[in-house]
Asks: 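Before I ask anything, here is the structure I am working with.
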Amino acid sequence: MARITTRTLTIPITKGSNDAIHPATSVAMIKRLRRTDLPIDTIELARFLIGKMLVHDLRGRRTSGRIVETEAYPVGDAAGHAFRGKTGRNAPLYLARGHAYVYFVYGMYYCLNVSSERAGIGAGVLVRALEPFEGIDLMKERRSASSVRDLARGPGRLALAMAIDLRYNGVDLCADPSLWLGVSDSEYHGVVSATTRIGLSRERGRPWRFYERGSAFVSARRGRQRSA
DNA sequence: TTGGCGATTGGCT
DNA sequence: GCCAATCGCCAAT
């Protein structure tokens, strides 16, 4: 199967029953994103990450997917974990853009964020959903066999499918050997839409959730779906 | 030291 | 639509 080189990978696409594979693509190369590729602005980064790849590769057990949904938590946002200043928990948000901030929520799920500003400024982008690409069987094991559509649809499911936990808190996603951000040589995303964020009790009106319009791999609000 | 609650999810009514 | 699971964080005591 795929031979791993330092910066570029050749990936055979795994066909599965429910897989919605990007049309017209049979083999894709994923190249690491460098820090200089990332916009230095939380909201811009949230939009930029739609269509990019998230890759996890630990001891050859490799999973990856296209990011189809993000949320921005910029400086000054009362819903952001950095709003009340730096603490032991949120410190990775203050690292230079491109570092992972992983937090534990509701006593059972992890969520992955990408730090988004210059070092010393606390803000981040929550990665909420992936379109699974490689390692679909492995994701199914970790998630105890759900449909491909549901494997990484939602931040808690995404972290479980990608085996992301506190071990990755603070790692540099532009340098870490196991968890990293990339771009496919057949990079594709459709129309990126913005709506209000999900699951908040404060700052509910901010249109800082970004997603690929029409993607079946995007998470949805409970109850009535709203758009903006 | 305490207790309310959370950037969620799965299961049940 | 509603609720439980489950635990670390942090504001308030």
Side-chain angles (χ1 to χ4, degrees), chain A residues 18 41-50 54 65 67-95 97 99-117 121-130 132 139-170 173 179 181 193-212 216-226 228:
Chain A
N18 294 333
D41 177 274
T42 304
I43 293 169
E44 284 182 29
L45 179 65
R47 186 182 284 275
F48 171 88
L49 287 176
I50 301 298
L54 179 67
I67 297 170
V68 295
E69 180 184 353
T70 61
E71 283 177 355
Y73 291 86
V75 174
D77 172 17
H81 285 194
F83 184 62
R84 291 177 186 81
K86 191 173 181 177
T87 66
R89 179 203 198 195
N90 67 23
L93 287 174
Y94 290 78
L95 298 173
R97 68 194 189 283
H99 285 78
Y101 164 52
V102 179
Y103 71 92
F104 186 59
V105 72
Y106 294 114
M108 59 188 87
Y109 297 106
Y110 296 99
C111 293
L112 171 70
N113 293 253
V114 181
S115 69
S116 55
E117 300 280 341
I121 299 177
V125 172
L126 173 68
V127 184
R128 286 193 57 95
L130 300 179
M139 292 190 199
K140 283 180 174 173
E141 283 175 34
R142 291 169 177 160
R143 290 263 301 119
S144 47
S146 17
S147 69
V148 173
R149 179 180 184 234
D150 288 341
L151 286 176
R153 189 166 65 89
R157 293 161 163 178
L158 182 158
L160 194 52
M162 299 288 284
I164 294 168
D165 58 26
L166 292 180
R167 289 175 297 175
Y168 295 97
N169 194 29
L173 297 170
L179 185 64
L181 290 168
S193 294
T195 65
T196 54
R197 297 171 294 181
I198 293 178
L200 303 185
S201 58
R202 318 173 65 178
E203 301 285 356
R204 305 178 87 136
R206 308 289 189 178
W208 290 337
R209 168 176 176 253
F210 299 94
Y211 65 98
E212 184 177 287
F217 300 92
V218 167
S219 74
R221 283 180 180 73
R222 295 302 181 96
R224 201 197 306 279
Q225 173 84 320
R226 55 171 301 180

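A note on names: the letters A, B, ... follow the listed sequences, proteins ahead of strands, and every chain is numbered from 1. If you're wondering where the values come from, they're calculated on a predicted model, not measured in any experiment.
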Asks: Would you indicate, yes or no, if B:dG10 has its OP1 or OP2 atom less than 4.0 angstrom from a side-chain nitrogen or oxygen of A:Arg157?
Replies: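 Answer is yes, contact under 4.0 Å.
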Asks: Return the nucleotide paired to C:dT6: Watson-Crick means purine N1 to pyrimidine N3 with N6-O4 or O6-N4, wobble means G-U with N1-O2 and O6-N3, both under 3.5 Å.
Replies: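 Paired with no nucleotide.
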Asks: Quick one: is A:Thr87 getting a side-chain N or O under 4.0 Å of the C:dC9 phosphate, OP1 or OP2?
Replies: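 For A:Thr87, the contact criterion (side-chain N or O under 4.0 Å from OP1 or OP2 of C:dC9) is not met.
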Asks: Could you give the CZ-to-P distance, from A:Arg209 to B:dT8, as a whole number of Å?
Replies: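 It is 11 Å, rounded to the nearest whole Å.
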Asks: If you compare all heavy atoms of A:Gly85 against all heavy atoms of A:Tyr94, which two are closest, and at what distance to 0.1 Å?
Replies: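 Taking every non-hydrogen atom into account, C-OH, 3.2 Å.
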Asks: For the residue pair A:His81 and A:Tyr101, does the interplanar ring angle fall in the parallel (under 30°), tilted (30 to 60°) or perpendicular (over 60°) class?
Replies: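 Rings of A:His81 and A:Tyr101: perpendicular, over 60°.
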Asks: Verify the contact: side-chain N or O of A:Arg202 to OP1 or OP2 of B:dG6, cut-off strictly under 4.0 Å; return yes or no.
Replies: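 For B:dG6, neither OP1 nor OP2 has a side-chain N or O of A:Arg202 closer than 4.0 Å.
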Asks: Starting at CZ of A:Arg153 and ending at P of B:dT8, how long is that distance when rounded to a whole Å?
Replies: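 The answer, rounded to whole Å, is 14 Å.
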Asks: To the nearest angstrom, how far is A:Ile198 atom CD1 from B:dT8 atom P?
Replies: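 Distance check: A:Ile198 CD1 to B:dT8 P gives 8 Å.
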Asks: Looking at every strand, decide which applies to A:Gly156 at a 4.0 Å heavy-atom threshold: base, sugar-phosphate, or nothing.
Replies: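 Since only primed, P, OP1 and OP2 atoms lie under 4.0 Å of A:Gly156, the category is sugar-phosphate.
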Asks: B:dG10 C1' sits how many Å from A:Leu160 CG, rounded?
Replies: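 Computing the A:Leu160:CG to B:dG10:C1' distance gives 13 Å.
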Asks: Side chain of A:Arg89, heavy atoms from C-beta onward: which of C:dC9, B:dT8, B:dG10 has the nearest atom to it?
Replies: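 The closest nucleotide is C:dC9.
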Asks: Pick from A:Arg157, A:Glu71, A:Arg153: which one makes a side chain to side chain contact (heavy atoms under 4.5 Å, CB included) with A:Arg128?
Replies: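 Result: among A:Arg157, A:Glu71, A:Arg153, A:Glu71 is the only option passing the side chain to side chain contact (heavy atoms under 4.5 Å, CB included) with A:Arg128.
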Asks: Using the P atom as the reference point in each nucleotide, state the distance between C:dT6 and B:dT2 in Å, no decimals.
Replies: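 That atom pair is separated by 23 Å.
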Asks: Atom CG of A:Asp77 to atom P of B:dG6: distance rounded to whole Å?
Replies: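 Checked: the CG to P distance equals 15 Å.
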Asks: Can you figure out which of B:dG10, B:dA7, C:dG8 approaches the side chain of A:Tyr109 most closely?
Replies: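 Of all the options, the side chain of A:Tyr109 is nearest to B:dG10.
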Asks: Report the nucleotide, chosen from B:dT8, B:dA7, B:dT9, that has the shortest atom-to-atom distance to any side-chain atom of A:Leu200.
Replies: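 Of the candidates, B:dA7 comes closest.
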Asks: Nearest whole Å is fine: how far is C:dA11 P from A:Phe83 CZ?
Replies: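 Result: 11 Å.
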Asks: When both hydrogen-bonding distances must be under 3.5 Å and the geometry is Watson-Crick or G-U wobble, what is C:dG1 paired with, if anything?
Replies: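 B:dC12 - that is the nucleotide pairing with C:dG1, both distances being under 3.5 Å.
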Asks: In whole angstrom, give the distance that lies between atom CG of A:Asp150 and atom C1' of B:dT8.
Replies: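 In whole Å, B:dT8 C1' lies 14 Å from A:Asp150 CG.
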Asks: Within the pair A:Ser201 and B:dC5, is there a side-chain N or O less than 4.0 Å away from OP1 or OP2?
Replies: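 No, A:Ser201 has no side-chain N/O under 4.0 Å of OP1/OP2 on B:dC5.
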Asks: Quickly, which of A:Thr195, A:Thr196, A:Thr70 forms a side chain to side chain donor-acceptor pair (under 3.5 Å) with A:Arg209? Name it, please.
Replies: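 Only one of A:Thr195, A:Thr196, A:Thr70 forms a side chain to side chain donor-acceptor pair (under 3.5 Å) with A:Arg209, namely A:Thr195.
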Asks: Would you compute the distance between atom CG of A:Leu181 and atom CG of A:Leu49 and round it to the nearest 0.5 angstrom?
Replies: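 One finds 6.0 Å between CG of A:Leu181 and CG of A:Leu49.
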Asks: Rounded to whole angstrom units, what separation is found between the CG atom of A:Leu112 and the P atom of B:dT8?
Replies: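 It works out to 14 Å between those atoms.
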Asks: Mapping A:Tyr103 and A:Arg143 to their closest nucleotides on DNA chain B, which lands nearer the 5' end?
Replies: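 Looking at DNA chain B, the more 5' nearest nucleotide goes with A:Tyr103.
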Asks: Could you tell me whether the side chain of A:Tyr106 has a donor or acceptor atom within less than 3.5 Å of a complementary atom in the base of C:dA5?
Replies: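 Side chain to base: no pair present.
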Asks: Out of curiosity, A:Arg206 CZ to A:Asp77 CG, how far, rounded to the nearest 0.5 Å?
Replies: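 Output value for this atom pair is 7.0 Å.
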